[in-house]
Amino acid sequence: MTHHNHLVIMAGGIGTRFWPLSVEERPKQFLDITGCGRTMLQLTLDRFEGIVPMQNVWVVTLAQYADLVREQLPELPEQNLLLEPCGRNTAPCICYVSWKIKKRDPRANIVVTPSDHKVERPEAFREAIEDALEFAAETDAMVTLGMKATRPETGYGYIKADLSFASSRRKTIYRVDGFKEKPTLERAQEYYAQNSYFWNSGLFVWNVSTIVNAFRVYQPEMSRLFERLLSVYDTPEERTCIEDVYPQCEKISVDYAIMEKAEEIFVRPSDFGWSDLGTWNSLREQLPRDERGNACVGEVALFDTHNCIVHASGERKVVVQGLDGYVVCEKDGVLLICKLSEEQRIKLFH
C-alpha cells in the first residue's frame, strides 16, 4: 500500500430498481441487498483494505445522503465526504474530487469506483486494481477495468481491446480500440463470440495529473469551474461555492466527457465475478440458489417454486408456493410480486 493511492467512491445514485427494497430516500448502495450483513457501500470500501489508506478514501454523494454515509462509514474523514447539491452524472463528480485531491496530494494515483457493484472474488479484484495503479503511476495513461463477458448481455456497454498490443510496462494491460454502447441482442452475441470485447465496469484508474489535464483539454469549461476554487477547498467557503458551481455543470458521464475522446486509454481485462446488480434477475444470479434455481434473503419458505428471487428483509416470514420466474419482495408493509421477465414494469408501481 502506498500513501499516494486514493479511492473515490461515487455514491450519489438515486436508483429505485429494487423497489420496494430500495427507495429514493435510501437507494441500493445504502442497503444490505445480498443479506450478508454489510451494505453495498460498506462492501465497496472493504474491497480496498490494504490498498488505500483510510485518510485517502473519498466519498462523493448527494447532500441528502450525507447522514447515511456518516452512519455506514464512521471511519471516513469528514473532510473527505463531498456533497453534491444536485445530480450531474459522473463527470462533474470526478472533476470536483480530482481537483480536491490534486491540491492535497499532487502525486496521487486514483481509483474511481461505483458504490453499488458486487465482486465475488476479492483477491482477483485486488490483483487487477494493483496492476492498474502501478501502471497509472508510471505513465500518463487512463485505465479502465474490462470485465470478461459471461453471456451476450444487452444491459452493459462494452470495451473493445486491442489484444495484439500489450503495454511494454505491464503485459496484462492493453490499448482500447473503442467503447461500444449497450448493444442489441444480435450485436451482443457478436461481441460475446469474440475475446476482444469486455463489459464496461465503470471502474477507472489514473494519476491525478493525468485526469485533471484531460478535463482541461476535453471539458475546459467544467475544469475551470472547479480549478478556480482551489483556494477555497477545505475552507468554510467551499460548500457555498460548490452549491453555486455545480448546477452550472453539464449533465454528462465521464465516459462521454473524457474516456471516448482521450487517446492514452488502456483496459485491464479482468474476471473477478463482477455484477452491477442492476436488476432483480441479476441479483438472483449473484446469490446462492437452491436446486430449483431460487435465491432467498431473509426468513423464507418455498414449496413447488422455481427460478424465483424472494427477498424478505423485514420481520415477517414469507411463504411462497407454485411460482416460477418471479420476484417476491416484502419491505415496510409493501409486498411486490412480479414476473422477472417483466420487472421493468416495477417502476410503474411507485
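Atom set for the values below is all heavy atoms of this structure, side chains included, hydrogens, waters and symmetry mates excluded. We're numbering straight along the sequence, starting at 1. Quick caveat, the model's predicted, so the values are computed rather than measured.
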I'd like to know if D131 and R268 make a salt bridge, using a cut-off of under 4.0 Å between side-chain N and carboxylate O. yes
Using side-chain contact (heavy atoms from CB on, under 4.5 Å) as the criterion, point out the one residue from N200, D177, D255 that pairs with I159. N200
Run the numbers on N281 and I309 for side chain to side chain contact (heavy atoms under 4.5 Å, CB included), then give the verdict. CA-CA 8 Å; N281 200 39; I309 176 168; over 6 Å; no
Sequence neighbours left out, cut at 3.5 Å: what donor-acceptor pairs do the side chains of residues 141-151 make with other protein atoms?
from, atom 1, to, atom 2, distance (Å)
T144, OG1, L203, O, 3.2
R151, NE, E153, OE1, 2.9
R151, NH2, E153, OE1, 3.1

Only distances under 3.5 Å count here; give the side-chain donor-acceptor pairs of residues 183-191 to other protein atoms, sequence neighbours excluded, each with its distance to 0.1 Å.
from, atom 1, to, atom 2, distance (Å)
T184, OG1, R187, N, 3.2
R187, NE, E190, OE1, 3.2

Polar side chain donor-acceptor pair, D276 to Y156, under 3.5 angstrom: yes
Do any N or O atoms from the side chain of Q72 and from the backbone of F30 form a donor-acceptor pair under 3.5 angstrom? yes
Between the side chains of D105 and H6, is a donor N or O closer than 3.5 angstrom to an acceptor N or O? yes
Would you list the pairs meeting ring pair (Phe, Tyr, Trp, His ring centres under 6.0 Å) in which at least one residue belongs to residues 97-117, sequence neighbours left out? H117-W274
Carboxylate-amine/guanidinium contact R292 D304, below 4.0 Å: no
Examine the side chains of D32 and T39 and answer whether a donor and an acceptor come within less than 3.5 Å of each other. no
What's in the same ILVMFWY side-chain cluster as L302, cut-off under 4.5 Å, chained through other members? V300, V310, V318, V320, L323, Y326, V328, L335, I337
Hydrophobic clusters join Ile, Leu, Val, Met, Phe, Trp and Tyr when side-chain heavy atoms are under 4.5 Å apart, directly or via other members; which others share one with V319? F303
Counting C-beta onward and ignoring hydrogens, is there a side-chain heavy-atom pair between I265 and M259 closer than 4.5 Å? yes
Could E84 and R88 be called an ion pair, given the rule that one side-chain N must be under 4.0 Å from one carboxylate O? no
Is it the case that the ring center of Y158 lies less than 6.0 angstrom away from the ring center of F198? no
Contact check, side chains of K261 and Q219, non-hydrogen atoms, under 4.5 Å: yes
Decide yes or no on salt bridge (Lys or Arg N to Asp or Glu O under 4.0 Å) for R17 and E343, but give the supporting numbers first. CA-CA 9 Å; R17 292 179 185 176; E343 65 169 298; over 6 Å; no
Looking just at side-chain N and O atoms, do D162 and S164 make a donor-acceptor pair shorter than 3.5 Å? yes
As a quick check of understanding, evaluate side chain to side chain contact (heavy atoms under 4.5 Å, CB included) for I33 and F18, giving each step before the final call. CA-CA 9 Å; I33 203 164; F18 289 97; 3.5 Å; yes
On a heavy-atom basis, which atom in T61 and which in G12 lie closest, and how many Å separate them? OG1-CA, 3.7 Å
Salt bridge (Lys or Arg N to Asp or Glu O under 4.0 Å) pairs, two or more places apart, involving residues 208-234: K100-D234, R216-E227
